Amino acid sequence: MLDEDEDADAKVQGTGSGFIWDQFGHVVTNYHVVAKLATDTSGLQRCKVFLVDAKGNSFYSEGKIIGFDPAYDLAVLKIDVDGHEIRPVVLGQSNKLHVGQSCFAIGNPYGYENTLTTGVVSGLGREIPSPNGGAIKGAIQTDADINAGNSGGPLIDSYGHVIGVNTATFTRKGSGMSSGVNFAIPIDTVLRTVPYLIVYGTPYSNRF
């Protein structure tokens, strides 16, 4: 769970979800979850990451942004994991998905930690808006409930493999609740993007 606030005494500005990418403490989430932190020029924004280690112990650490790509709504945080054994996710493939297969969204909707919702892959190859005004192509559509606080969390298949990053939902007008039309960034796109963010801090497309 990601909490973003201005300082220790300030109110929480926003929450979201993420998942552990590797044993070095890199956490993948949506760019829009940490956009205030990424664009902060005052130095007042902070991001606390709440997680559970491999032994089931809860702890939190401050998350530092090391790279982000608004074109794909992805960001990578780095946390201090000294003294904790953490268990990275197992990555699946999104290019072999088919409509109708089961999927599960894990996140923290409305602050309720470690919530799992179930559904199916409703559509493939969708196009959704990205935070930089462009479009993210190839998105996965699902009817698994994704509400406020789920953004950045993993979409997994029935084997427990991550197949996407939950990122967007159409909401019922005036309710803020999911309409059942939800989207995830396919893991194949994430796998092409995140290593560059970890190494260079910028997306591949910005290096040439």
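Just so you know, residue 1 is the first one in the sequence shown, and it goes up from there. Everything numeric in this text was worked out from a predicted model, so none of it was measured.
- Note that CD of Gln45 and NZ of Lys36 are 6.5 Å apart. Values are rounded to the nearest 0.5 Å.
- Atom CG in Asp157 sits 6.5 Å away from atom CD in Gln101 (nearest 0.5 Å).
- By the criterion of side-chain heavy atoms lying less than 4.5 angstrom apart, applied directly or through intervening Ile, Leu, Val, Met, Phe, Trp or Tyr residues, Leu91 is not grouped with Phe24; the two fall into different hydrophobic clusters.
- Atom-to-atom distance recorded for Leu77:CG and Glu62:CD is 10.5 Å, nearest 0.5 angstrom.
- No hydrogens or angles considered: nothing links the side chains of Ser17 and Asn150 as a donor-acceptor pair under 3.5 Å.
- The shortest distance between side-chain heavy atoms of Pro195 and Ile198 does not fall below 4.5 Å.
- Across all their heavy atoms, Pro131 and Pro70 have their closest contact at CD-O, 3.1 Å.
- Although no hydrogens or angles enter the test, the distance criterion places a donor-acceptor pair under 3.5 Å between the side chain of Thr193 and the main chain of Thr189.
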Problem set entry | Criterion salt bridge (Lys or Arg N to Asp or Glu O under 4.0 Å) on Arg87 and Glu85, from CA distance to verdict | CA-CA 7 Å; Arg87 187 170 295 158; Glu85 180 188 351; 5.3 Å; no

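- Between Lys55 atom NZ and His84 atom NE2 the span is 10.0 Å, to the nearest 0.5 Å.
- Residue Ile79 holds its CD1 atom at 14.0 Å from NZ of Lys48, rounded to the nearest 0.5 Å.
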If you apply the rule side-chain contact (heavy atoms from CB on, under 4.5 Å), what do you find for Ile65 with Val76, and how did you get there? CA-CA 6 Å; Ile65 291 184; Val76 179; over 6 Å; no

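- Using a 4.5 Å heavy-atom threshold, the side chains of Ser151 and His32 count as touching.
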**Q.** Criterion side-chain contact (heavy atoms from CB on, under 4.5 Å) on Arg192 and Asp188, from CA distance to verdict
**A.** CA-CA 6 Å; Arg192 287 195 301 267; Asp188 294 356; 4.2 Å; yes

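- Looking at Phe59 and Leu51, their side chains come closer than 4.5 Å, going by heavy atoms from C-beta outward.
- Each of Leu97 and Ile146 belongs to its own hydrophobic cluster when Ile, Leu, Val, Met, Phe, Trp and Tyr are linked at side-chain heavy-atom distances under 4.5 angstrom.
- By the 4.5 Å heavy-atom criterion applied to side chains, Trp21 and Val194 are counted as neighbours.
- Side-chain contact between Val120 and Thr142 is absent, with no heavy atoms from C-beta onward closer than 4.5 Å.
- The same ILVMFWY cluster, assembled from side-chain heavy atoms under 4.5 Å apart, contains both Val34 and Phe68.
- Residues Thr167 and Asp73 bring a donor and an acceptor atom of their side chains to less than 3.5 Å of each other.
- The line from CG of Leu124 to OG of Ser94 is 9.0 Å long, rounded to the nearest 0.5 Å.
- Both Leu74 and Phe19 sit in one connected hydrophobic cluster of ILVMFWY residues. Membership requires side-chain heavy atoms under 4.5 Å apart, directly or through other members.
- Between Pro186 and Ala139 the shortest heavy-atom distance is CD-CA, 4.0 Å.
- Within the 4.5 Å cutoff, no side-chain heavy atoms of Val89 are placed close to those of His161.
- Using a distance-only test at 3.5 Å, with no hydrogens or angles considered, no donor-acceptor pair links the side chain of Ser130 to the main chain of Ile136.
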Run the numbers on Ile66 and Leu197 for side-chain contact (heavy atoms from CB on, under 4.5 Å), then give the verdict.
CA-CA 7 Å; Ile66 64 164; Leu197 300 184; over 6 Å; no

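- Hydrophobic clustering keeps Ile185 apart from Val121 (ILVMFWY residues linked when any side-chain heavy atoms are closer than 4.5 Å, directly or through intermediates).
- Here the side chains of Phe104 and Thr117 are not in contact, with every heavy-atom distance at 4.5 Å or above.
- Judged by distance alone, the side chain of Asp53 and the main-chain N or O of Gly56 form a donor-acceptor pair under 3.5 Å.
- Contact of the Asp143 side chain with the Val181 side chain is not registered, since no non-hydrogen atoms from C-beta on lie closer than 4.5 Å.
- Proximity of a side-chain donor or acceptor of Asn166 to a complementary backbone N or O of Gly152 within less than 3.5 Å is not detected.
- Contact record, Arg46 with Leu37: N-CD1, 4.1 Å, taken as the closest heavy-atom pair.
- Of the residues Asn95, Val190, Leu155, the one that meets the side chain to side chain contact (heavy atoms under 4.5 Å, CB included) test with Ile163 is Leu155.
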